[in-house]
There are 2 protein chains.
Amino acid sequence: MRLSRYFLPVLKETPSEAQIVSHRLMLRAGMIKQSSAGIYSWLPLGFKVLKNIEKIVHEEQVRAGHIPMLMPTLQSADLWKESGRYDAYGPEMLRIRDRQDRDMLYGPTNEEMITDIFRSRVSSYKDLPLTLYHIQWKFRDEIRPRFGVMRGREFLMKDGYNFDLTKEDALHAYNRHLVSYLRTYERMGLQAIPMRADSGPIGGDDTHEFLVLADTGESEVFYDAEITDLKFGKREIDYDSVEACQAVLEEFTSRYARTDETHDEALFNEVPEERRRVARGIEVGQIFYFGTKYSDAMNATVQGPDGKPVAVHMGSHGIGVSRLLGAIIEASHDDKGIIWPEGVTPFHVGIVNLKSGDAEADAACEALYDSFTKLGLEPLYDDRNERAGGKFATMDLIGLPWRITVGPRGLKNGIVELTSRRTGESEELPPEEAVAKVAAIYANL
Amino acid sequence: MRLSRYFLPVLKETPSEAQIVSHRLMLRAGMIKQSSAGIYSWLPLGFKVLKNIEKIVHEEQVRAGHIPMLMPTLQSADLWKESGRYDAYGPEMLRIRDRQDRDMLYGPTNEEMITDIFRSRVSSYKDLPLTLYHIQWKFRDEIRPRFGVMRGREFLMKDGYNFDLTKEDALHAYNRHLVSYLRTYERMGLQAIPMRADSGPIGGDDTHEFLVLADTGESEVFYDAEITDLKFGKREIDYDSVEACQAVLEEFTSRYARTDETHDEALFNEVPEERRRVARGIEVGQIFYFGTKYSDAMNATVQGPDGKPVAVHMGSHGIGVSRLLGAIIEASHDDKGIIWPEGVTPFHVGIVNLKSGDAEADAACEALYDSFTKLGLEPLYDDRNERAGGKFATMDLIGLPWRITVGPRGLKNGIVELTSRRTGESEELPPEEAVAKVAAIYANL
């Protein structure tokens with residue numbers, strides 16, 4: 001993309017309404033614009049990152065054997081009356097009456113609707129196990145929306161639902177989700193720690209939240225420092241293997257890690273003192289096993305092997321897709337702006353032309369642009385007639401992990417400058433080597 | 001995908017509530033499930049086609065130089081009061097009151113919101129031309145939702161908005177959209193004819209609707225038969241070229257083609273009688289130029305070259321993404337089921353194992369599956385223990401354009417059967433040749 005043809009309305013001033021750094025930076029970098037309280041438009045740069053995050057979530061869910069679909073945003077109130085949650089949910093549920101005077105609502109979650117789909121279309125245990133998920137906009141009418149996309153009212157969430165014949169099968173589905181979430185967050189450059197949590201209005205016994213450590217997190221967290229050494233890495237895993245998924249669960253959840261909701265001081269004190277950590281975290285996902293809570297209430301049964309009806313064991317599993325943009329920025333920025341992890345960056349590399357209009361500099365930039373494009377990478381080329389200082393400031397603010405600077409002086413010696421946004425380190429090298437180096441970094445993700 | 005692990009709840013009975021063939025077939029093929037009047041869940045097969053259509057729309061918009069973003073589903077009523085449309089829109093607009101008693105609405109379209117984004121972030125003519133678009137769920141509270149996704153209440157639409165300094169520039173944007181739409185529909189296997197139309201509540205002078213001919217279409221259309229010989233084909237076009245885009249517009253709109261709303265009997269009678277056609281059509285898109293209607297009402301100006309404020313010239317351009325599934329099926333089906341065009345098919349090829357459990361047949365199917373997957377194609381492998389007749393009926397119903405049938409008898413002679421869903425013709429050939437033939441078809445799209 002050539003910046004002269006893009007829509008990147010960066011702001012010079014820091015917006016006063018933004019209390020935390022991710023909100024400030026998303027506004028300043030031209031990623032979002034508030035349209036009303038807690039509701040945002042995703043400007044082109046923000047939309048690109050949102051799509052990148054969504055793509056990773058999809059890929060990892062499909063890898064785990066889960067099946068994508070899509071439920072609508074608006075739901076009939078009837079299903080929620082059947083489960084008993086219509087009255088229980090409270091004023092965060094946006095209730096709507098349509099022109100026929102029917103009670104509707106903007107879905108804050110989809111347990112009822114997916115259970116209704118299941119019971120109307122699945123009748124035999126032979127169709128199990130089954131895990132369906134979707135990535136769809138949800139609405140929760142927060143009384144005080146704030147922190148930008150971190151606590152918005154209209155937000156994008158991945159929510160998945162497993163249907164299994166037995167508790168054992170459902171716990172395998174739970175473990176499979178835990179593994180897939182570890183992979184998902186790591187691909188985004190995040191360390192998200194699974195912590196024992198409270199089940200809240202979803203219900204159920206077993207639940208883990210995934211928390212990203214950040215000073216601005218809304219939750220206080222308590223954990224054993226050893227946990228931050230754990231990496232899922234590039235290991236291959238057979239998601240059908242009960243043992244393999246169980247082993248990952250044990251590896252990542254056997255050390256103490258809890259939010260303030262479930263914190264147990266006595267247990268925490270069993271952790272050697274030098275490894276005890278108290279910090280803050282941002283919740284980016286949660287998995288639940290809740291057994292037959294919804295299948296009982298809504299009569300979602302299958303015919304079991306013996307011909308008798310069995311209420312299915314279920315769980316639900318969520319990732320806060322739009323919220324992740326805020327979480328990533330909270331975890332990865334400096335005083336100049338955002339520092340995108342390579343896995344989610346909106347453009348793979350920035351090209352800064354120090355002297356737009358200079359024939360040689362222009363030609364070198366165009367050649368770099370073509371080289372990256374042919375390799376399937378997307379460069380953002382600042383081809384505007386601006387001072388170099390302004391161009392650097394924009395690139396630093398929007399946080400592309402790699403920048404190539406092209407100027408007449410370097411070109412005389414056959415070199416350009418490749419700079420890492422994270423370390424600030426630069427090296428001079430011939431253009432084709434700069435391209436190869438950047439391409440290798442993305443090929444190894 | 002192995003069918004034994006997929007969620008494809010085909011229905012044996014024809015649902016009585018469905019009045020038209022696309023609605024019936026989408027229900028029977030397990031693509032959608034109604035959740036309330038005019039609101040649908042997209043089951044996995046339907047979701048896949050929806051994503052394929054969305055992807056083509058995105059690619060063709062980006063090719064034309066238009067910039068993707070995303071606006072939220074819910075809007076504040078304030079902007080609509082500013083444009084004067086809040087009262088004008090009528091009961092099809094779903095009005096909502098949030099917990100703070102603010103007037104909100106579920107966006108039926110986005111002229112106001114995009115104009116607000118524009119005026120708050122763009123101030124100079126130097127930032128023009130600019131075309132932004134998004135693909136987002138909309139809501140229109142139809143009094144009688146029907147025909148499945150063809151006239152639903154919650155529907156997915158691509159809507160794009162151009163901002164230009166002059167009427168001439170805006171008309172170029174209009175033409176650019178017309179060209180990109182021709183490409184878009186053709187990639188989906190559709191012939192969509194641009195017809196002079198009425199602007200309705202969007203307003204403005206210049207507007208064309210795109211109509212797909214189908215007996216079940218809601219509009220009566222009148223056209224010169226020569227128009228159906230026109231193909232955009234694979235021609236390369238420079239979207240920056242005013243002349244090139246204008247020439248396409250003239251080529252595709254110079255012959256008589258109008259809906260009943262704008263039909264002019266006298267003009268129609270100038271078409272030679274043997275070429276006059278009266279038929280029915282399904283509207284799948286519309287483009288508008290409406291000048292400064294919204295920029296005047298909402299004070300969206302830029303500083304012109306002479307330093308004075310200029311109200312921008314705008315247009316809006318829509319494609320009914322979810323409705324297209326219905327339109328494609330109306331245009332492409334037979335009495336056995338859907339016939340997907342290759343451009344949008346949910347799976348590239350079906351593999352039917354005539355004798356699941358037979359070692360040789362299983363191995364041959366697995367080998368085909370691997371070959372397609374390695375080529376980047378997605379097969380749907382019916383590995384279930386079902387009778388061959390049932391497997392064929394399912395494949396015909398869901399409409400994959402190509403099917404490979406594998407059985408012990410053929411394998412003895414080293415052959416499988418490749419069948420075209422469209423023609424019903426089969427040929428026997430070695431498995432590797434069947435793979436190569438299917439791969440070549442998709443490579444040439």
Side-chain angles (χ1 to χ4, degrees), chain A residues 1 5-7 9 11 30 33 35-37 39-48 50-51 65 67-76 78-79 91-92 94-100 102 104 106 113-114 116-117 120-122 126-127 129-130 132 134 136-137 139 141-143 152-154, chain B residues 1 4-7 9 11 30 33 35-37 39-48 50-51 65 67-76 78-79 91-92 94-100 102 104 106 113-114 116-117 120-122 127 129-130 132 134 136-137 139 141-143 152-154:
Chain A
M1 178 59 66
R5 306 192 70 155
Y6 201 48
F7 180 55
L11 303 179
K33 178 186 180 295
S35 74
S36 44
I39 305 181
Y40 292 87
S41 285
W42 297 80
L43 303 183
L45 194 75
F47 177 66
K48 271 184 88 81
L50 187 70
K51 292 307 275 186
I67 304 175
M69 60 171 298
L70 188 65
M71 287 174 273
T73 62
L74 294 198
Q75 307 185 14
S76 160
D78 294 343
L79 290 174
E92 280 196 8
L94 185 66
R95 292 152 210 263
I96 302 168
R97 190 157 283 183
D98 73 7
R99 73 190 287 185
Q100 311 275 20
R102 283 172 294 214
M104 312 280 295
Y106 200 123
M113 191 177 275
I114 196 79
D116 180 55
I117 291 169
S120 75
R121 293 290 190 274
V122 180
K126 291 179 193 165
D127 294 322
L130 178 65
L132 298 166
H134 73 158
Q136 177 63 293
W137 292 92
F139 200 90
D141 203 354
E142 302 267 357
I143 184 91
R153 295 198 292 164
E154 186 170 328
Chain B
M1 178 59 67
S4 63
R5 306 192 69 155
Y6 201 48
F7 180 55
L11 303 179
K33 178 187 179 297
S35 74
S36 44
I39 305 182
Y40 292 87
S41 286
W42 297 79
L43 304 183
L45 193 75
F47 177 66
K48 272 185 87 83
L50 187 70
K51 293 309 275 187
I67 304 175
M69 60 171 297
L70 188 65
M71 288 174 273
T73 61
L74 294 199
Q75 307 186 14
S76 159
D78 293 345
L79 290 173
E92 279 194 9
L94 185 66
R95 292 151 210 263
I96 301 168
R97 190 156 284 181
D98 73 8
R99 73 190 287 183
Q100 312 274 21
R102 284 171 295 214
M104 313 281 295
Y106 200 122
M113 190 177 276
I114 197 78
D116 180 55
I117 290 169
S120 75
R121 294 289 190 274
V122 179
D127 295 322
L130 178 65
L132 299 166
H134 73 158
Q136 178 61 295
W137 292 92
F139 201 91
D141 203 354
E142 302 267 357
I143 184 90
R153 294 198 294 165
E154 185 170 328

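Both backbone and side-chain heavy atoms feed into the values below; hydrogens, waters and symmetry mates do not.
Among B:Gly30, B:Ala37, B:Pro91, the residue with the largest count of heavy-atom pairs under 4.5 Å with chain A is B:Pro91. If you tally non-hydrogen atom pairs under 4.5 Å between each of B:Met1, B:Lys48, B:Met71 and chain A, the highest count goes to B:Met71. Top candidate by heavy-atom pairs under 4.5 Å with chain A, chosen from B:Ser35, B:Pro68, B:Gly65, B:Ser76, is B:Pro68. Of the residues considered (A:Asp98, A:Asp78, A:Ile143), A:Ile143 shows the highest number of contacts with chain B, using heavy-atom pairs under 4.5 Å.
Contact annotation for B:Leu130: only side-chain heavy atoms (C-beta onward) come within less than 4.5 Å of a heavy atom of chain A. Neither the backbone nor the side chain of A:Leu45 comes within contact range of chain B; no heavy atoms are under 4.5 Å apart. Heavy-atom distances place both the backbone and the side chain of A:Glu92 under 4.5 Å from chain B. Proximity to chain A (any heavy atom under 4.5 Å) is restricted, for B:Leu94, to the side chain, taken from C-beta onward. The contact between A:Ile96 and chain B is made entirely by side chain atoms (from C-beta outward), counting heavy-atom distances below 4.5 Å. Contacts of A:Lys51 with chain B are made by side-chain atoms alone, with heavy-atom separations under 4.5 Å and no backbone atom involved. Only the side chain of B:Leu132 comes within contact range of chain A, with heavy atoms under 4.5 Å apart. Only the side chain of A:Met104 comes within contact range of chain B, with heavy atoms under 4.5 Å apart. Contact annotation for B:Ser120: only side-chain heavy atoms (C-beta onward) come within less than 4.5 Å of a heavy atom of chain A. Using a 4.5 Å cut-off between heavy atoms, A:Leu74 contacts chain B through both its backbone and its side chain. For A:Leu11, the part sitting under 4.5 Å from any heavy atom of chain B is the side chain, from C-beta outward, and nothing else. Residue B:Leu50 touches chain A through its side chain alone, counting heavy-atom pairs closer than 4.5 Å. The parts of B:Phe7 that come within reach of chain A are both its backbone and its side chain, each placing non-hydrogen atoms under 4.5 angstrom from that chain. At a 4.5 Å heavy-atom cutoff, the contact between B:Leu43 and chain A is made by backbone and side-chain atoms alike. Contact annotation for A:Phe139: only side-chain heavy atoms (C-beta onward) come within less than 4.5 Å of a heavy atom of chain B.
Atom CZ in B:Arg97 sits 13.0 Å away from atom CG in A:Asp141 (nearest 0.5 Å). Interatomic distance, CZ of B:Arg99 versus CZ of A:Arg95, reported as 10.5 Å (0.5 Å rounding). Note that the CH2 atom of A:Trp137 and the CG atom of B:Leu70 stand 5.5 Å from one another [nearest 0.5 Å].
Shown here for A:Trp42 and B:Met69, the closest heavy-atom pair between the two residues is O-CB, 3.2 Å. Heavy-atom minimum distance, A:Tyr40 versus B:Pro72: O-CD, 3.4 Å. Residues B:Met113 and A:Ser41 come closest through the heavy atom pair SD-OG, 3.8 Å. Heavy-atom minimum distance, B:Asp116 versus A:Lys33: OD2-NZ, 3.1 Å.
Judged by distance alone, the side chains of B:Ser36 and A:Gln75 never bring a donor and an acceptor atom under 3.5 Å apart.
Atom CZ of A:Arg102 sits in a crowded spot, with more than 12 heavy atoms from other residues, nucleotides or ligands closer than 6.0 Å.
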